[in-house]
Peer 1: 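Input: one structure, supplied below.
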Amino acid sequence: MLCTPSSLYLPPSPKPNQSYLRNSHSPTSEHLRTDLLHTFNSPFELKQVHACFIKTSTPLSVLPLLRVGFVCAFTSSFSYAQQIFERVGKPEIFVWNSCLKAFAEGDSPIDAILLFYRLRQFDVFIDSFTCSFVLKACSQLLDVSNGRIVHAFVEKLGFQSNLFLQNTILHLYSSCGAMGDAQMLFENMSQRDVVTWNIMVTQLVKRDDIEGAYNLFSQMPERSVRSWTSMIAGFVQCGKPKEAVDLFVQMEEAGERANEVTVVAVLAACSDLGALDLGRRIHEYSNRSGFGRNVRISNTLIDMYVKCGCLEDACRVFDEMEERTVVSWSAMIGGLAMHGRAEEALRLFSKMTQIGMKPNGVTFLGLLHACSHMGLINEGRRYFASMTRDYAIIPQIEHYGCMVDLYSRAGLLQEAHEFIMNMPIKPNGVVWGALLGGCRVHNNIELAEEAIRHLLELDPLNDGYYVVLSNIYAQAEQWEDTARVRKLMRDQGVKKTPGWSSITVDGVVHEFVAGDETHPKTEEIFQRWEKLLEEMKLKGYVPNTSVVLLDMEEHDKVKVLHRHSEKLALVFGLMNTPPRTPIRIMKNLRVCEDCHAALKLISAIVNREIVVRDRNRFHCFKNGSCSCRDYW
DNA sequence: CTAGGGTTAG
């Protein structure tokens, strides 16, 4: 087999710890470049170093053996390395194992596999450590074929009872998606420990089998923090943040202390739920536990505060970070965009590039969001062009979605349509949906019908598109067409997702569904609403019933309108929180025009800040206006 | 010198 390392050069060691070669008075300096000791890249250079060592009576143990291994393993000098290792006085396999570990954990795990074959070729004695590192490399590469070969070696060498190796093999099969093999191995293992179970739980989660994962989790004879964390992270990943939080509470009750990874997972759950109280509590816990400088935790905190509507807190976390990654910048830029603060998002981006931080695709998604939310057409165009030209980032379908959204919202519907037709990748439901949304705002029935033709094919079960279309017809007073859309929905078995809003008061989440009269405080809520309504009317509020699609009398439409979930949640919030405190509401759908107008007026009447987290952005109502500047 | 969990987008 031809063995060539995946990269010709290893990066030099960060800090040479032998300083006497750097000393200019040393006789070695004229024979040996000072940095060569740690950076030799060929057997020839190695021999130069070696010769110098002999001349200066330097012990061979000073040689960086990982480098010797790397340089010799893939050249004809394999036996040269063997000779050196012999003289260093360490068992040969010990040194090769260190090389394997470095390769397996570095950025070229393939080299570990290649080295393994070299070791076999030279009849080097293989031990259990060798197998574990090569197996790790196979897992990293999702290379189950080579993994099976190593597995066979493990059997042949009689390591069946080595639990470490069994776990590594289990990890190999499960992480490569060979769940059948993994399952069989798991069931046949003569002994298992907590790691065995954790591997299974984690991998089942990764395969989207959350039930299977939780089933195993429940059966575990003992659990470690990692078991809890895997399961919590699993619930977050599959969109069940409530379950994640519940499990976290159980974990605390079980007396297990959260570590950094747990904190990240729970904070992510808080972001999804908009659970600000818990988020703050975890933030304090994290600081108390000394996790304050963990970059990933800070990144997740930024996102948590952003999604809980506390942009200022997010900024504070960002500002106080000692070290920031591209994720930190992207999270902050995306957060500003979500809150409609486009100028600041763009400014942050230039600051980012000024300090030499390289943006990635997600950064640009945030920027494009900022532009589309605020109608910055030219800037959006510029950034879209720049990402490929200046940063070699290939736009993904999400970026195209943003661009179509940008054009469509701004009313450039023809451009949006042309843009879709010229896309190098197949447009998805989000892309056509963005065009459809623009058609509603700008009343373009023809293009809306074009969009829906594609949407019926791409995403026929998504109720949102039908609703938007019937909205468009309703606005044009084409009632037969709205009826037709309703029939289409019935035929397809699609039902409109009920709108709900939630508000947290004193740590308790109150949920309101549109039209809901089951809340114990319903009577008081309606009374308070009627009072508010009078004041709103004095300020010029007129119910906008065009958003009600049901076929009914006008005054019934008004009734439906006034039972929209965000209105219920808001009134409940006004009744149950101290005056002047901000009110935060979460909503599963987008805010309708009527609620938007109503909330603006109410914010002025009651002199409160009302923050609403919509399906795709934030609205911050204050003194009668909204942070989205009515562009959404 | 050996095994298992984590962040931005949706």
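By convention in this document, chain letters (A, B, ...) are assigned in the order of the sequence lines, proteins followed by strands, and residues within each chain are numbered from 1. We use all heavy atoms of the structure for the numbers below, so side chains are in, but hydrogens, waters and symmetry mates are not.
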Peer 1: Calculate the interatomic distance between A:M220 atom CE and B:dG5 atom P; express it in whole Å.
Peer 2: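 Distance, rounded to whole Å: 13 Å.
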Peer 1: From the options B:dC1, B:dT7, B:dG5, select the nucleotide whose nearest atom is closest to the side chain of A:F129.
Peer 2: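 Looking only at heavy atoms from C-beta outward on A:F129, the closest nucleotide is B:dC1.
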Peer 1: Nearest whole angstrom, please: distance from the C1' of B:dT2 to the NE2 of A:H171.
Peer 2: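 Spelled out: NE2 on A:H171 to C1' on B:dT2 is 14 Å.
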Peer 1: If you check every side-chain atom of A:N299, which of B:dG10, B:dG6, B:dT7 has the closest atom?
Peer 2: B:dT7
Peer 1: Return no unless some side-chain N or O of A:H369 is found under 4.0 Å from OP1 or OP2 of B:dG10.
Peer 2: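 Looking at the OP1 and OP2 atoms of B:dG10, one of them is under 4.0 Å from a side-chain N or O of A:H369.
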Peer 1: Would you indicate which nucleotide in B:dC1, B:dT8, B:dG6 comes nearest to any side-chain atom of A:S330?
Peer 2: B:dT8
Peer 1: Rounded to the nearest Å, what distance is computed from the CD atom of residue A:Q237 to the P atom of nucleotide B:dT7?
Peer 2: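 That distance rounds to 6 Å.
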Peer 1: Looking at every strand, decide which applies to A:E260 at a 4.0 Å heavy-atom threshold: base, sugar-phosphate, or nothing.
Peer 2: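 Base, at least one base atom sits under 4.0 Å.
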Peer 1: Salt bridge or not between A:E312 and A:R341? Use side-chain N to carboxylate O under 4.0 Å.
Peer 2: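 Salt bridge present between A:E312 and A:R341.
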Peer 1: What does A:K307 touch in the nucleic acid at a heavy-atom separation under 4.0 angstrom: a base, only the sugar-phosphate, or nothing?
Peer 2: base
Peer 1: With the criterion set at under 5.5 Å between ring centres and under 30 degrees between planes, would B:dT2 be stacked on A:F164?
Peer 2: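 Stacked: ring centres under 5.5 Å, planes under 30°.
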Peer 1: Nearest to the A:V261 side chain among B:dG10, B:dA9, B:dG5, which nucleotide is it?
Peer 2: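 When the side chain of A:V261 is considered, B:dG5 is the closest of B:dG10, B:dA9, B:dG5.
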Peer 1: Which listed nucleotide (B:dG4, B:dT8, B:dC1) is nearest to the side chain of A:N198?
Peer 2: B:dG4
Peer 1: Inspect the contact between A:D303 and A:K307 and indicate whether a charged nitrogen and a carboxylate oxygen are less than 4.0 angstrom apart.
Peer 2: yes
Peer 1: Can you tell me how far P of B:dT8 sits from CD of A:E398, to the nearest Å?
Peer 2: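 Result: 14 Å.
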Peer 1: Under 4.0 Å, counting only non-hydrogen atoms across every strand here, what does A:L267 touch: a base, just sugar-phosphate, or nothing?
Peer 2: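 Counting heavy atoms under 4.0 Å across all strands, no contact is made by A:L267.
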Peer 1: Test for a donor-acceptor pair under 3.5 Å between the base of B:dG10 and the side chain of A:N616, counting only N and O atoms.
Peer 2: no
Peer 1: Taking the six-membered ring for Trp, are A:F133 and A:F129 parallel (under 30°), tilted (30 to 60°) or perpendicular (over 60°)?
Peer 2: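 Tilted, since the angle between the ring planes falls between 30° and 60°.
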Peer 1: Is the shortest side-chain N/O distance from A:K136 to OP1 or OP2 of B:dA3 below 4.0 Å?
Peer 2: yes
Peer 1: Enumerate the residue pairs fulfilling side chain to side chain donor-acceptor pair (under 3.5 Å) with a member in residues 347-367 of chain A, sequence neighbours excluded, ordered by first and then second residue.
Peer 2: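 Sorted result for residues 347-367 of chain A: A:S330-A:T363, A:N360-A:T363.
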Peer 1: Would you mind classifying the nucleic acid contact of A:T202 as base, sugar-phosphate or nothing, using non-hydrogen atoms under 4.0 angstrom?
Peer 2: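 Sugar-phosphate only.
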Peer 1: A:K101 has an atom NZ; how far is it from atom P of B:dA3, in whole Å?
Peer 2: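 Distance, rounded to whole Å: 6 Å.
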Peer 1: Rounded to whole Å, please give me the gap between CD1 in A:I169 and P in B:dG4.
Peer 2: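 So the two atoms are 13 Å apart, to the nearest Å.
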Peer 1: Does the B:dG4 base have a donor-acceptor partner in the side chain of A:S224 within less than 3.5 Å?
Peer 2: yes
Peer 1: Let me know the distance between CG of A:D303 and P of B:dG10, rounded to the nearest Å.
Peer 2: 11 Å
Peer 1: Would you kindly give the CG-to-P distance between A:N162 and B:dT2, to the nearest whole Å?
Peer 2: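 Rounded to whole Å, this separation is 13 Å.
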Peer 1: Looking at A:E105 and A:K136, is there a salt bridge between them, counting it only when a charged N and a carboxylate O are closer than 4.0 Å?
Peer 2: yes
Peer 1: Below 4.0 angstrom, N of the basic side chain to O of the carboxylate: do A:D272 and A:K242 qualify?
Peer 2: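 Salt bridge between A:D272 and A:K242, a charged N being under 4.0 Å from a carboxylate O: no.
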Peer 1: Given B:dA9, B:dA3, B:dT7, identify the nucleotide with an atom nearest to the side chain of A:E105.
Peer 2: B:dA3
